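These numbers come from the heavy atoms of this one structure, side chains and all, not from hydrogens, waters or symmetry mates. This one's a predicted model, so the numbers in the text were calculated from it and none came from an experiment. All ligand and atom numbering here is 1-based and tracks the order in the structure.
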Amino acid sequence: VAVAMREIALTDTALHGKKGATEKNAPVTVYDTSGPYTDPNVTIDVKKGLSPLREKWIIDRADTEQLQQVSSSYGLERLNNEKLDAFRFEHLRKPRRAKSGANVSQMHYAKKGIITPEMEYIAIRENQRYDLLKEQLNGSYDMLAQQHAGHSFGANTPKNYITPEFVRQEVAAGRAIIPSNINHPESEPMIIGRNFLVKINANIGNSAVTSSIEEEVEKAVWACRWGADTIMDLSTGKNIHETREWIIRNSPVPIGTVPIYQALEKVNGKAEELTWELFRDTLIEQAEQGVDYFTIHAGVLLRYIPWTAKRVTGIVSRGGSIMAKWCLAHHKENFLYTHFEEICEIMKAYDVAFSLGDGLRPGSLADANDAAQFGELETLGELTKIAWKHDVQTMIEGPGHVPMHLIKENMEKQLKHCDEAPFYTLGPLTTDIAPGYDHITSAIGAAMIGWFGTAMLCYVTPKEHLGLPNKKDVKDGVITYKIAAHAADLAKGHPGAQYRDNALSKARFEFRWEDQFNLSLDPDTAREFHDETLPADGAKVAHFCSMCGPNFCSMKITQDVRQYAEDKGLQEADALQKGMEEKAKEFAEKGSQLYL
Ligand code: IRN
Ligand code: FE2
């Protein structure tokens, strides 16, 4: 299998004191989510979509059949009415479904002991440069790994390479999921689980108020480009079906949705008019388009709703509030809960994964860790076991707004109640006082909970609570969450996570500015900031930047000390001592004056 990765080429290090002599720096290979979009050799036609990389694997398994028609009545109606669907059926793939009685979920294969090509792909993808890092750290890596062994990574932490068999075991145990709808063959396999790299999700989607289909597709591509591991299409306004179609056909990463949003559109926003039948039809419609995971708010039980009455911010989840409204209007149990096993039957026919929604998550610090939130979490644990009985892959959504000292309890309770199913949290935001900066208030909580074991972090943009994010907000949210996820990977001791940090630090110390930019999460901004004060080409090799200027750069001074030592054949410590003495003498001779 050919696996997506990015190789960052580096320049050579100039060796001091040896004119013209250089030392090679090995290129750095990093995990990459951008798909073919950043490959200069590939041209993409958004109207055609990406090539279906997984299609052959799916067909070779011989447990699916191609449909001649979409199965959902809504989809059929669209097929007749909309130009786009006509286009889809002319130019794109017809949907597939499991043959009668078959279960096509990765968990099903995993439990049967089958290693799928998706699992192989993931094993290769997840292995960062463990081998090189080990060399770089000269044995101290083993110490580091030991210190971290048994931490939140748990006893299952692979001590070195991640093998396809390890991937299979984690999926079979329910500790990880591979969102991979058979109708989204364009997606590059990835895994969500706490024994793998921490992943991030970016939400996009038009609201009733703004933005077009093209804009939303562009946002999805843009989010992947900066590192989103999955995209959730939360469109609510017009053209939900079409927007989603184009996003999926162009997405190299798994797509998630909240199907109740579209169901609500179909009843013109009247929650009380929702029915199981209409919802089921919507699930099938989206499953046949290729949605890889569904947020299902099945844990919002009738008896929990009164517990939210005294909250400062009540129910803040959109899906949660829709279901609460339905339950109260009918005074009946949540139909997502009562029909849960039927939902499982649909999920396994396409391999759609559950993201069990936290409809009662706290929307303010004051409501964190309350009875409603944890009551729902217990129900999500109960539903996880039902999903697993059907071999349906499942992750659990989590908060919300939680102050730092209450974060750990969330992770502990989730692991306990949900039998280690992957946790997928929204932040959490650690304070409520910074609208406009909630990517930061939440990245603090996200880094912490990621360290404790959360498998995927749902990004929050600077526009949270204020408006629909634009392209700039999407990028800021993604980069901010890449930082949180990577910080968690480092703290968890993920094999190889620190390789890139070390390479960047070395480039920084050696004033290889271009390498420093290219190794960074956001090279454009790093370069722009640097050039703001020192735009000249020469500054890209200069041994200082405008932060401290040429005479006060600590890195330059350290290098001078090393150079001095080398010239005089001294150890670094001795050189410091000797250098100091010389400087002191020089200083005294100049009349002890400080020139600033
Ligand atoms: C993630 C964890 N908890 C909630 N989320 C995400 O929040 C969820 O996956 C979805 O993308 C978004 C909105 O969900 P509600 O408000 O409908 O619950
Ligand atoms: Fe909020």
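- Interface of His297 with ligand 1, defined as ligand atoms under 4.0 Å from a residue heavy atom, comprises 15 (P), 17 (O), 18 (O).
- Here Asn201 has no heavy atoms under 4.0 Å from ligand 1, in either its backbone or its side chain.
- Shown in contact with Leu234 at under 4.0 Å from a heavy atom are these atoms of ligand 1, numbered in order with element: 11 (O).
- Side-chain N or O atoms of Lys385 include one that pairs as donor or acceptor with a backbone N or O of Gly381 at under 3.5 Å.
- Panel note: side chain Thr313, backbone Arg311; no donor-acceptor pair is recorded below 3.5 Å.
- Of the angles at the Fe ion (ligand 2), the one spanning NE2 of His401 and NE2 of His465 is 100° when given to 10°.
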**Message:** Checking Ile191 against Glu126 for the side-chain contact (heavy atoms from CB on, under 4.5 Å) test, could you report, in this order, the C-alpha distance in whole Å, the side-chain angles of both residues, the deciding distance, and whether it holds?
**Reply:** CA-CA 9 Å; Ile191 195 161; Glu126 288 277 327; 3.6 Å; yes
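- In terms of protein heavy-atom proximity, atom 5 (N) of ligand 1 is nearest to Glu397 OE1, 3.4 Å.
- Ligand 1 lies less than 4.0 angstrom from a heavy atom belonging to Gly398.
- With a 4.0 Å heavy-atom cut-off, ligand 1 is reached by the backbone of Tyr424 and by its side chain too.
- Side-chain rings of Phe340 and Phe354 approach one another, their centers coming within less than 6.0 Å.
- With respect to atom 18 (O) of ligand 1, the closest heavy atom belonging to the protein is Ser317 OG, 2.6 Å.
- Of all protein heavy atoms, the one closest to atom 3 (N) of ligand 1 is Asp358 OD1, 2.9 Å.
- Under 4.0 angstrom from ligand 1, the non-hydrogen atoms of Met232 all belong to its side chain.
- Under 4.0 angstrom from ligand 1, the non-hydrogen atoms of Asn203 all belong to its side chain.
- Nearest protein neighbour of atom 13 (C) of ligand 1, counting heavy atoms only, is Tyr261 OH, 3.5 Å.
- Paired with Tyr293 under the rule side-chain hydrogen bond (donor to acceptor under 3.5 Å, both in side chains), one option of Asn201, Thr257, Thr394 passes, and it is Asn201.
- Numbered from 1 in the order shown, with element, the atoms of ligand 1 that lie under 4.0 Å from a heavy atom of Gly319 read 15 (P), 17 (O).
- Thr425 contributes no side-chain N or O that, together with a main-chain N or O of Pro428, makes up a donor-acceptor pair within less than 3.5 Å.
- Below 4.0 Å from some heavy atom of Arg318 lie the following atoms of ligand 1, by number and element: 15 (P), 16 (O), 17 (O).
- Glu412 contributes atom CD, which lies 9.5 Å from atom CG of Asn410 (distance to the nearest 0.5 angstrom).
- Atom numbering of ligand 1 starts at 1 in the shown order; those under 4.0 Å from a heavy atom of Thr295 are 9 (O).
- Taking the ring axis of Tyr31 as reference, the NZ or CZ atom of Arg6 does not stay both within 45° of it and closer than 6.0 Å to the ring centre.
- Under a cutoff of 6.0 Å and an axis angle of 45°, Arg194 and Phe423 do not form a cation-pi pair.
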